[in-house]
Amino acid sequence: MKYNFSKIEKKWQKYWEKHKLFEAKDFSKKPKYYCLIEFPYPSGDGLHVGHTRSYTAMDIIARKRRMEGYNVLFPIGWDAFGLPTENYAIKTGIHPKIVTKKNTNKFRKQLKSLGFSFDWKREINTSDPDYYKWTQWIFLQFFKHGLAYKSKIPINWCPSCKIGLANEEVINNKCERCGTPTTKKEKEQWLLAITKYAEKLLQGLENIDYLEKIKIQQRNWIGKSEGTLVKFPIADSQKILEVFTTRIDTIFGCTYMVVAPEHQIINDLKSNIINFEEVEKYIEEAKQKSDLQRTELNKEKTGIELKGVKAINPFTKKQIPVFIADYVLANYGTGAVMAVPAHDIRDWDFAKKYNLPIIESIKGGDVSKQAFTEDGILVNSGEFTGLTSKQARQKMTEWLEKNNLGGRMIQYHLRDWIFSRQHYWGEPIPMVNCEKCGWVPVPEKELPVKLPNVKNYKPTDSGESPLAAIDWWVNSKCPKCKGPAKRETDTMPNWAGSSWYFLRYIDPKNKKQLADNKKLKYWMPVDWYNGGMEHTTLHLLYSRFWNQFLYDIKAVPTPEPYKKRTSHGMILGADGEKMSKSRGNVVNPDDVVKQYGADTYRLYQMFMGPFDQATPWDTKGIEGAKRFNNKIWLIGQIKISKKSQNKELEKLLHKTIKKVSEDIETMSFNTAVAALMIFINECYAQKEVPQKIWEDFLKILSPFAPHLSEELWQKLGKKKSICLEQWPKYNKSLIQEGNFTLVIQINGKTRDTLLAPINITQDLVLELALKQENIKKYIPDKSAIKKIIFVPNKLINIVI
RNA sequence: GCCGCGGUGGUGGAAUUGGCAGACACGCAGGACUUAAAAUCCUGUGGCCUCAAAAGCCAUGAGGGUUCGAGUCCCUCCCGCGGCACCA
């Protein structure tokens with residue numbers, strides 16, 4: 001009688017696999033539905049409870065869609081290239097391929113033990129040469145379309161790992177992997193010109209169903225701002241300093257300029273700078289600092305005047321000093337700013353410190369006390385005096401255009417994507433460097449460029465990839481002139497493989513294309529993609545970029561890859577802190593499944609709190625899910641009756657169907673489970689539960705607790721899987737109540753309630769209300785009533 | 001410093017979007033069953049007041065405001081979490 005979950009769960013997992021219940025069918029006549037979860041990185045630690053919560057959620061949606069008659073694609077794979085595996089290889093000498101195989105085996109077993117309805121036939125692995133052949137192919141298309149280029153840029157450098165890091169890989173001024181503080185280094189890197197897609201990425205957001213906060217975050221990250229480019233001539237020189245500003249209206253108050261320490265102009269004007277030694281020293285110091293350190297210096301701004309260099313304000317024609325300061329970043333905008341202390345807080349602080357003039361050019365504040373940063377009416381601005389800021393921006397920009405000193409400019413915060421890594425465990429970049437021809441792409445028919453075996457996975461001390469040490473591999477022939485050439489030894493970042501994996505699921509074995517066109521047309525776009533907020537500005541934006549590019553070259557049929565995007569909250573440790581090994585608050589899914597079974601685990605994860613918010617793990621809380629599970633089992637064993645009827649229970653069933661159906665769509669899984677619990681509590685109180693009612697309940701339970709539902713379904717004598725059943729529809733007329741509880745308020749405070757028939761009129765309500773004992777106390781006679789607010793089928797509020 | 005998300009009983013959290021605050025669950029207390037424990041079942045469970053109940057009052061981070069009515073809307077502030085690129 002006792003529910004033997006481990007036996008029963010295994011039984012049904014085998015059954016599903018044997019009967020291929022979750023295999024998606026290409027070109028089925030049913031409408032298609034593509035559910036996507038973020039595929040895991042198979043780390044050595046195994047599956048995390050954070051994974052399973054979001055996978056359970058999407059599994060519920062996938063199972064519901066199948067029952068609603070959709071041909072569902074719910075695939076799984078491995079984002080297998082990455083640093084932890086490489087670090088592990090460095091430590092142990094075991095090949096990353098072997099480590100990955102071991103880890104994916106473990107993950108696969110774990111995922112299967114939870115009963116997820118993945119289509120395992122479409123399993124992919126980004127480190128598989130048959131997969132990364134196409135990652136390389138896409139890179140070649142980027143190159144051929146001028147969107148992949150090499151550039152010498154200041155990059156974050158980890159002196160310990162001896163690799164270049166993208167900004168997003170530097171956490172708190174330290175290397176993401178080893179914690180060593182990073183410095184700057186000039187390095188030739190491959191970049192992808194994502195900025196060329198800034199406008200498209202922005203526009204694309206208009207017509208897709210992403211959570212608003214996700215759109216906001218992407219928009220902020222892309223950071224479009226419309227403003228003005230201004231050219232400041234340098235006195236006694238042919239050079240000019242270009243500046244981008246959104247506040248051209250304040251330019252008459254521009255009393256100095258600031259350039260980034262890395263700015264080219266410093267070298268160009270080297271001979272003019274009197275205090276070059278001092279300047280050089282400052283530049284060296286800035287190199288040691290990360291962007292974040294520069295940020296921390298916020299309170300105490302530093303800078304050095306470039307003595308001997310004067311810029312000319314194109315409007316006032318006055319000569320103004322030029323400073324270098326590390327709070328201006330070289331890789332944003334033009335790397336130089338015009339400083340208007342009267343109307344910018346940061347410039348005001350800087351001007352006070354270095355005793356620079358503060359000239360008001362917008363009326364409205366007291367600039368001797370603080371910067372006035374709002375729009376207003378221009379003063380001290382020559383022919384522009386008296387205009388509003390808005391008018392002035394227009395007129396002044398036109399003036400600049402006329403005089404060839406600048407003009408309208410759109411600036412994006414988004415930066416091009418640094419695409420090279422000096423690692424072993426990544427996709428080799430399929431390029432060859434020929435002395436005569438320069439960078440030449442490897443011919444497509446020679447793809448994939450396979451990762452060769454190496455003995456040492458550590459980057460060389462010069463910062464080159466470990467691949468650089470393999471002469472036979474590096475030395476190659478130029479595909480163009482057949483002369484001697486060297487292979488690119490950098491590999492791609494771990495985001496490469498994940499930028500297009502959703503396409504490969506559609507046709508995972510295709511040898512000729514990344515995926516068959518007709519299949520792509522059938523399945524794309526992804527209908528619902530759920531993932532973490534932390535991927536919003538990296539993976540999510542990158543994959544949108546790749547898909548948009550592939551669309552432009554006609555390799556995929558839709559401009560946007562994902563129709564709908566939602567996000568999940570983190571599972572915190574029992575202490576309310578982020579789960580981490582060092583805190584010792586990590587919960588292992590295996591332990592929970594072993595002790596409670598997959599269904600209880602699934603139910604608890606859905607019940608523990610709102611899906612989109614962080615919730616702490618509660619070891620006690622899972623007991624509730626277990627009791628719920630046991631109650632269902634018990635009812636299924638002893639209370640089901642073919643003959644009996646129960647109108648009230650039927651009503652509750654239909655309410656529950658409605659609630660659960662709607663809550664799944666809004667990912668309000670916690671309240672959906674609560675509704676199921678309410679229903680079960682009611683059943684539990686009954687002597688008998690009519691089988692018809694029970695059948696529908698099992699159907700709506702099945703996405704949450706699939707094994708238990710199958711078992712109880714079979715107990716009813718059913719021959720086919722409950723997965724093949726139709727999702728029940730609720731009966732509207734059964735849900736409508738004849739009576740409702742009407743709230744009687746006096747001066748907005750609830751004083752009594754009344755059971756009233758639906759659609760009762762105000763007059764009748766008032767009459768009934770005044771008869772209530774409690775109300776009589778407050779309203780001795782009708783003349784005391786000043787006002788009545790009546791909300792039909794809800795409440796009456798009597799103001800006295 | 002900036003951006004985003006939050007703050008509701010002892011705990012996780014509900015609240016049809018401005019209409020009975022605390023659904024559901026955990027925990028706790030009392031009781032039943034048991035030699036006993038576990039499991040299970042029943043009852044109670046925001047605070048104050050009360051022997052108890054009814055009634056009343058207070059209560060959704062703090063303080064104001066709008067409204068017949070505010071957890072929900074507006075303003076000011078405090079705290080927690082996550083992200084960050086002083087973005088000109």
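Protein chains get the first letters and strands the later ones, always in sequence-line order, with residue 1 at the start of each. Below, each value reflects all heavy atoms present in this structure, side chains not excepted, and no hydrogens, waters or symmetry copies.
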Quantified in whole Å, what is the [atom1] atom distance between nucleotide [N] and nucleotide [M]?
N      : M      : atom1 : value
A70(B) : G18(B) : P     : 14 Å
G71(B) : C58(B) : P     : 13 Å
U72(B) : C57(B) : C1'   : 24 Å
G22(B) : C73(B) : C1'   : 22 Å
C28(B) : G83(B) : C1'   : 39 Å
C48(B) : U66(B) : P     : 33 Å
C41(B) : G46(B) : C1'   : 26 Å
A38(B) : U45(B) : P     : 24 Å

What nucleic acid atoms does [X] come within less than 4.0 Å of, heavy atoms only: base, sugar-phosphate, or nothing?
X       : answer
I789(A) : base
Q217(A) : nothing
T741(A) : base
K224(A) : nothing
R219(A) : nothing
Y684(A) : sugar-phosphate
N681(A) : sugar-phosphate
K749(A) : sugar-phosphate

Is atom NZ of K620(A) surrounded by more than 12 heavy atoms (other residues, nucleotides or ligands) closer than 6.0 Å?
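Open.
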R408(A) atom CZ, neighbour heavy-atom count above 12 within 6.0 Å:
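Counting neighbours around CZ of R408(A), 12 or fewer heavy atoms of other residues, nucleotides or ligands fall under 6.0 Å, so no.
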The side chain of [X] is closest to which nucleotide in this list: [options]?
X       : options                : value
I216(A) : G4(B), G19(B), G13(B)  : G4(B)
H413(A) : A88(B), C24(B), G13(B) : A88(B)
N797(A) : C20(B), G69(B), G12(B) : G69(B)
V791(A) : G19(B), A14(B), C86(B) : G19(B)
P616(A) : G12(B), G69(B), C5(B)  : G12(B)
K794(A) : C24(B), A88(B), G19(B) : G19(B)
V743(A) : C20(B), G4(B), A25(B)  : C20(B)

Within this structure, what is the NZ-to-C1' distance between K659(A) and U16(B), rounded to whole angstrom?
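After rounding, the reported distance stands at 8 Å.
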Are OP1 or OP2 of [N] and a side-chain N or O of [X] less than 4.0 angstrom apart?
X       : N      : answer
N670(A) : A14(B) : yes
R751(A) : C20(B) : no
R627(A) : U40(B) : yes
K787(A) : C68(B) : yes

Nucleotide opposite [N] in a Watson-Crick or G-U pair, distances under 3.5 Å:
N      : value
G9(B)  : none
U34(B) : none
U45(B) : G27(B)
U16(B) : none
A70(B) : none
G4(B)  : C81(B)
A21(B) : none
A59(B) : none

Once you measure the plane-to-plane angle for H539(A) and H535(A), does it fall in the parallel (<30°), tilted (30-60°) or perpendicular (>60°) bin?
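Perpendicular.
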So W495(A) and Y542(A), would you call those rings parallel, tilted or perpendicular, with 30° and 60° as cut-offs?
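Plane angle over 60°, so perpendicular.
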Whichever of A336(A) and G748(A) has its nearest RNA chain B nucleotide further upstream toward 5'
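The residue whose closest nucleotide sits nearer the 5' end is G748(A).
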Using heavy-atom distances to pick each residue's nearest nucleotide on RNA chain B, tell me which of N630(A) and A614(A) is more 5'.
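It is A614(A), whose closest nucleotide lies nearer the 5' terminus.
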Ring centre gap for F350(A) and F323(A) strictly below 6.0 Å:
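When the ring centroids of F350(A) and F323(A) are compared, they turn out to be within the sub-6.0 Å range.
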Check: E534(A) side chain, G83(B) base, donor-acceptor under 3.5 Å:
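There is none.
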Under the 6.0 Å and 45° cation-pi test, does K626(A) pair with Y604(A)?
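No cation-pi geometry.
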Torsion-based syn/anti label for U66(B), 90° from 0 as limit:
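You should classify U66(B) as anti.
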Matching residue for Q745(A) among V799(A), I798(A), N797(A), I796(A) - test: side-chain contact (heavy atoms from CB on, under 4.5 Å)
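Answer after filtering V799(A), I798(A), N797(A), I796(A): N797(A).
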T397(A) and T228(A) side chains, donor-acceptor separation under 3.5 Å
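Short answer, yes.
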